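Data block below; observations after.
This structure is a prediction, so every number in the text was calculated from the model and none was measured. All residue numbers refer to positions in the sequence shown, counting from 1.
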Amino acid sequence: MYYIGVDIGSTASKAVIINDSKDKILHKKVMSSGWNSKETSLEILSWIESLGIDRKDASIIATGYGRVSVPYADKVITEITCHAKGACFLYENNMTIIDIGGQDTKIIFVENGFVKDFIMNDKCSAGTGKFLEIMANRLALGLEEMFDFARQGTKINISSTCTVFAESEIISLMGKGTSKPDIAAGVVNSIASKVVALVNRKPHSKHYFLTGGFCASPYMVEELARRLDADVNTHENARFAGAIGAALLA
């Protein structure tokens, strides 16, 4: 039996296949979610079949933004539950999970392997991956370049809390001749500030685990750790936490 988690995110979709003992990741895949969640899920099914896995020999759980658009899933489970399960598999059972997604940021408080509480910032894309993507495009930078430039720059204050207004503010800064590294540093600083403000809304553990697309950025990890005055841990598979959790729950 294969246990499979499919995480259809707003920006990126992930799939993970684990073994019968549920202690080893056999295969993993990440791809753009595109404009149609169902089409994306069917592409993932084709990938599963290309590995020689028969649907009858697999238990599949769907999670994430587009979880209801996975027609072949045996069950759907919320991303909060799946992220917590996946993070516990990768790290430990008592922690505060910081998941910076494409359209929202989730802070999940875990005790003894179970979700105790959570906060979501889903009213605005400020403080999310979409915010970074929009600002990077405005600066004609790739996402990795954005972090590289930010490390070289001096943090400037971007006062706007709305993505649309912040973009206008950045255009104004560009018009004044502010350097790309300084603007990039300001953008990353703005995201980190909003994430930490979200964390600090509730009592939290001093053990932090970063999931989502930003887990591959050492600079973001460093910024969060500095602001929280604590170690922020992550893992090479932390981006797949939701899909891992779904697979473990299958």
Side-chain angles (χ1 to χ4, degrees), residues 5 7 9-16 18 23-25 27-31 63-64 79-111 113 115-116 118-121 127-133 136 142-148 150-151 184-185 187-200 202 204-248:
D7 179 5
S10 59
T11 301
S13 293
K14 288 78 64 179
V16 165
I18 62 176
D23 59 4
K24 182 181 179 182
I25 297 172
H27 306 281
K28 60 186 179 182
K29 179 180 180 64
V30 61
M31 61 182 288
T63 189
E79 58 264 44
I80 300 295
T81 300
C82 290
H83 261 86
K85 188 73 173 177
C88 289
F89 178 83
L90 296 172
Y91 184 46
E92 61 173 54
N93 289 333
N94 294 281
M95 63 184 145
T96 298
I97 301 168
I98 301 172
D99 177 59
I100 306 175
Q103 296 286 1
D104 61 41
T105 294
K106 296 179 281 289
I107 310 298
I108 308 169
F109 306 95
V110 178
E111 283 190 7
V115 176
K116 180 184 179 183
F118 69 91
I119 307 171
M120 287 183 67
N121 171 31
T128 68
K130 177 56 69 175
F131 181 84
L132 183 74
E133 181 183 337
L143 296 183
E144 290 304 316
E145 287 180 303
M146 193 74 169
F147 288 115
D148 291 340
R151 190 182 287 279
V187 169
V188 176
N189 177 63
S190 176
I191 294 172
S193 296
K194 290 178 175 62
V195 170
V196 171
L198 204 59
V199 172
N200 288 334
K202 290 187 180 277
H204 48 84
S205 162
K206 278 294 184 180
H207 298 279
Y208 298 95
F209 188 72
L210 179 64
T211 64
F214 286 175
C215 66
S217 167
Y219 183 71
M220 178 58 80
V221 174
E222 292 166 17
E223 275 298 295
L224 292 174
R226 183 181 65 80
R227 290 175 173 277
L228 292 165
D229 192 25
D231 289 337
V232 174
N233 298 279
T234 190
H235 188 280
E236 61 179 343
N237 289 324
R239 187 176 191 183
F240 295 88
I244 293 170
L248 292 170

Check: Glu92 and Phe209 side chains under 4.5 Å, non-hydrogen atoms: no
Is it the case that more than 12 heavy atoms not belonging to Lys116 sit under 6.0 Å from its NZ atom? no
Output the distance between atom CD1 (Ile108) and atom SG (Cys82), rounded to the nearest 0.5 Å. 10.0 Å
Measure the OG-CG distance between Ser193 and Leu198 for me, rounded to the nearest 0.5 Å. 12.5 Å
Yes or no on side chain to side chain contact (heavy atoms under 4.5 Å, CB included) for Ile25 and Phe240, after CA distance, side-chain angles and deciding distance? CA-CA 11 Å; Ile25 297 172; Phe240 295 88; over 6 Å; no
Closest heavy-atom pair and its distance - Thr234, Leu210: OG1-O, 2.8 Å
For Cys88 and Asn93, the nearest pair of non-hydrogen atoms, with its separation, is CB-OD1, 3.4 Å
Does one side chain, of Lys194 or Ser190, offer a donor that lies under 3.5 Å from an acceptor on the other? yes
Determine the minimum heavy-atom distance between Gly142 and Ala136, stating which atoms define it. O-CB, 4.4 Å
Considering all heavy atoms of both residues, which atom of Ala84 and which atom of Val115 are nearest to each other, and what is their separation? CB-CG2, 3.5 Å
Could you tell me whether Asp23 atom CG has more than 12 heavy atoms of other residues or ligands within 6.0 Å of it? yes
Separation of Phe89 CZ from Ile18 CD1 (nearest 0.5 Å): 6.5 Å
CG of Asp104 to CD1 of Ile119, rounded to nearest 0.5 Å, is 13.0 Å
Are Tyr219 and Asp148 packed together at the side-chain level, in the sense that at least one heavy-atom pair is separated by less than 4.5 angstrom? no
Can you find a heavy atom in the side chain of Lys106 that is under 4.5 Å from one in the side chain of Ile80? yes
Any non-hydrogen side-chain atom of Thr63 less than 4.5 Å from a side-chain atom of His83? no
What orientation do Phe147 and Phe214 show, parallel under 30°, tilted 30 to 60°, or perpendicular over 60°? perpendicular
Could you grab the distance from atom CZ of Phe109 to atom CD1 of Ile97, nearest 0.5 Å is fine? 10.0 Å
Nearest non-hydrogen partners of Ala150 and Val188, listed with the distance: CB-CG2, 3.8 Å
Euclidean distance, Lys202 NZ relative to Thr96 OG1, rounded to 0.5 Å: 12.0 Å
Leu228 side chain near Ile98 side chain, heavy-atom distance below 4.5 Å: yes
So, for Arg239 and Lys14, which heavy atoms are closest and what is the spacing to 0.1 Å? O-CE, 3.6 Å
Would you say Arg151 and Pro218 make side-chain contact, with heavy atoms under 4.5 Å? yes
